[in-house]
Amino acid sequence: MSTAKEVEELLAGMNISAELSLIAHKVLNNTRISFEDGVYLFEHAELGFLGILANYIREKKHGDLTYFNRNFHLEPTNLCVYDCKFCSYSRLIKQKEEGWELTMEEMLDIVKKYDDEPVTEVHIVGGVLPQYDVAFYSALFSAIKKHRPNLHVKALTPVEYHYIFKKAKIDYATGMKLMKEAGLESMPGGGAEIFHPEVRQQIAKDKCTGDQWLDIHREWHKLGMRSNATMLYGHIEEFWHRVDHLEKLRALQDETGGFQTFIPLKFRNQNNQMSNVAESSVIEDLRNFAISRIYLDNFDHIKAYWAMISRETAQLSLNFGVDDIDGTLDDTTKIYSMAGAEEQTPAMSTQQLVELIRNVGRKPIERDTLYHVVTDYSDVVFEDAKKQNGYKLPVASNI
Ligand code: V47
Ligand code: SF4
């Protein structure tokens with residue numbers, strides 16, 4: 001790991017502008033960068049420069065440790081009362097024949113399918129429908145916890161919560177308390193998209209606003225609970241909209257400290273109403289990871305969602321600020337394959353995830369949802385991997 005002085009010297013030899021030097025100086029001296037600095041980075045900084053700074057922060061916080069977890073997705077429905085323009089997943093209620101709608105029993109059957117699997121988390125995410133209300137989700141969370149008490153329930157987003165609490169005529173604080181009592185343990189980061197109304201109105205009108213998304217996370221954090229945050233980037237937004245989004249997350253994190261991880265989500269353009277919008281390049285994806293790492297100085301983790309960006313980009317991202325690559329999810333998740341992600345049936349075994357991380361010189365750590373270490377795979381050698389195609393699995397000590 002390089003020291004701040006070594007990084008400063010390295011940058012000094014790179015012929016960078018006075019503005020970038022100043023930003024680098026701030027980062028290396030633990031001074032927060034401003035909104036204007038964030039916009040400047042997006043507009044002017046090259047990938048090499050950003051990688052050096054983001055990797056410095058990443059290694060200062062985590063060294064080579066790279067986290068993943070063992071989870072599965074439960075997607076109650078792909079029907080939705082909303083009509084987000086980027087969404088390849090939802091089918092409006094009028095296209096019902098293309099959709100699925102699981103009953104409580106069917107959902108519990110999916111949970112039971114994993115009874116003998118060493119998963120630690122169920123991630124529940126899907127569309128919004130009137131019958132999935134406060135009573136339904138309370139009963140679902142309670143039933144899952146009753147069936148498997150140590151399975152962590154990470155479920156729904158402010159999009160669903162805003163909708164069901166409004167329908168039940170209860171405020172956010174009361175609603176989140178009810179969800180906690182029912183068994184909800186953390187909230188995933190979805191539904192954030194781009195907070196600024198100028199963009200949100202065009203891509204996700206009608207669902208909860210950016211401020212409402214933030215208010216629901218605030219109430220959840222006030223209960224002492226944790227959540228994640230995302231940003232859907234690389235479509236019609238401008239760079240300053242991304243910085244505005246990061247700024248709002250950073251401010252709420254200062255207030256509550258309840259966020260664990262930030263997950264930038266690359267817009268994919270297949271099978272949705274924004275197919276005419278080009279996707280961002282891999283270089284832009286890596287720049288976005290790096291600037292997120294630099295800007296969100298009060299977030300512990302930056303996650304790359306491998307199912308969405310390909311395994312190779314996930315590996316690269318580990319040098320651009322990312323320290324987490326999500327989980328060993330299986331093909332129960334359809335959100336991304338439907339949007340054009342490379343992974344049509346996203347599944348990776350623990351061994352494959354461990355190798356993916358180790359092959360780029362990092363240390364794989366299986367975590368639970370709250371980042372407690374489950375297994376340190378740094379020095380674990382999978383015997384059968386040695387035999388496969390003459391491939392010799394590197395062990396941490398000889399990378
Ligand atoms: O909010 C929908 C996004 C999100 C597209 O917290 C799309 O650990 C790209 O939030 N292109 C839901 N993105 C998924 C999510 C998530 C995923 C993994 C881990 C965690 C976590 C959270 O998916 C939605 C939306 O922003 N999305 N359509 C699309 N075409
Ligand atoms: Fe519904 Fe979520 Fe898709 Fe929007 S992104 S249409 S809220 S499923």
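Whatever order the structure lists ligands and atoms in, that order sets their numbers, starting from 1.
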Need the ligand 1 atom indices (1-based, order shown) with element for anything under 4.0 Å from a heavy-atom of F267. 9 (C), 11 (N)
Taking the six-membered ring for Trp, are F72 and Y114 ring centroids under 6.0 Å apart? yes
Do R287's NZ or CZ and the ring of F42 fall within the cation-pi criteria of under 6.0 Å and 45°? no
Are the ring centres of Y67 and H301 closer than 6.0 Å? yes
I263: numbered ligand 1 atoms lying under 4.0 Å from its heavy atoms: 6 (O), 8 (O), 20 (C), 21 (C)
Mind checking whether T157 contacts ligand 1 via backbone (N, CA, C, O), side chain (CB onward), both or neither, at a 4.0 Å heavy-atom cut-off? neither
Relative to the heavy atoms of L265, which atoms of ligand 1 are at a distance of less than 4.0 Å? 3 (C), 4 (C), 10 (O), 23 (O), 26 (O)
Could you tell me, atom by atom, which parts of ligand 1 come under 4.0 Å of a heavy atom of S88? 30 (N)
Could an N or O of ligand 1 be found under 3.5 Å from any N or O of C87, whether backbone or side chain? no
Between M231, H123, M274, flag the one that comes closest to atom 20 (C) of ligand 1 by a heavy atom. H123
Distance (rounded to the nearest 0.5 Å) between K303 NZ and N228 CG: 5.5 Å
Salt-bridge criterion met for D37 and K26 (N-O under 4.0 Å): yes
contact_flag Q270 ligand 1 heavy-atom lt 4.0 Å: no
If the cut-off is 4.0 Å to any non-hydrogen atom of T230, which atoms of ligand 1 fall inside it? 10 (O)
Before giving the answer on ring-ring contact (aromatic ring centres under 6.0 Å, His included), spell out for H162 and W213 the whole-Å C-alpha distance, their side-chain angles and the decisive distance to 0.1 Å. CA-CA 8 Å; H162 169 78; W213 189 99; over 10 Å; no
For ligand 1, which atoms sit closer than 4.0 Å to a heavy atom of N272? 30 (N)
Which segment of F86 sits under 4.0 Å of ligand 1 when only heavy atoms are counted: both
At under 4.0 Å between heavy atoms, which part of N269 makes contact with ligand 1: side chain, backbone, both or neither? neither
Ring geometry between H245 and F195 (parallel below 30°, tilted from 30 to 60°, perpendicular above 60°): parallel
With the 4.5 Å side-chain cut-off for hydrophobic clustering, are L41 and Y295 part of the same group? yes
Whether H217 and H221 hold their rings parallel, tilted or perpendicular, with breakpoints at 30° and 60°: perpendicular
Less than 4.0 Å is my threshold; does some heavy atom of K266 fall inside it relative to ligand 1? yes
Taking atom types as modelled and ignoring hydrogens, do the side chains of D285 and S280 form a donor-acceptor contact shorter than 3.5 angstrom? yes
Using a strict cut-off of 4.0 Å, indicate which atoms of ligand 1 neighbour a heavy atom of N228. 6 (O), 8 (O), 21 (C)
Using salt bridge (Lys or Arg N to Asp or Glu O under 4.0 Å) as the criterion, list what pairs up with K180, not counting sequence neighbours. none
I want to know if ligand 1 touches R268 in the polar sense, i.e. an N/O pair below 3.5 angstrom. yes
Who pairs with N288 by side-chain hydrogen bond (donor to acceptor under 3.5 Å, both in side chains), at least two apart in sequence or on another chain? R242
Tally, protein N/O/S atoms nearer to atom 1 (Fe) of ligand 2 than 2.8 Å: 1
Can an N or O of A192 be found at a distance shorter than 3.5 Å from an N or O of ligand 1? no
What one should report as the nearest heavy-atom pair of K167 and P130 is NZ-O, 3.0 Å
Where ligand 1 meets M308 - atom numbers and elements under 4.0 angstrom, heavy-atom basis: 9 (C), 11 (N), 13 (N)
Please determine whether ring-ring contact (aromatic ring centres under 6.0 Å, His included) holds for the pair F86 and F267, giving the CA-CA distance in whole Å, both sets of side-chain angles, and the decisive distance to 0.1 Å. CA-CA 8 Å; F86 56 82; F267 164 67; 7.4 Å; no
Using a strict cut-off of 4.0 Å, indicate which atoms of ligand 2 neighbour a heavy atom of F86. 5 (S)
Taking only residues two or more places apart in sequence, or in another chain, which ones meet D300 in a side-chain hydrogen bond (donor to acceptor under 3.5 Å, both in side chains)? none
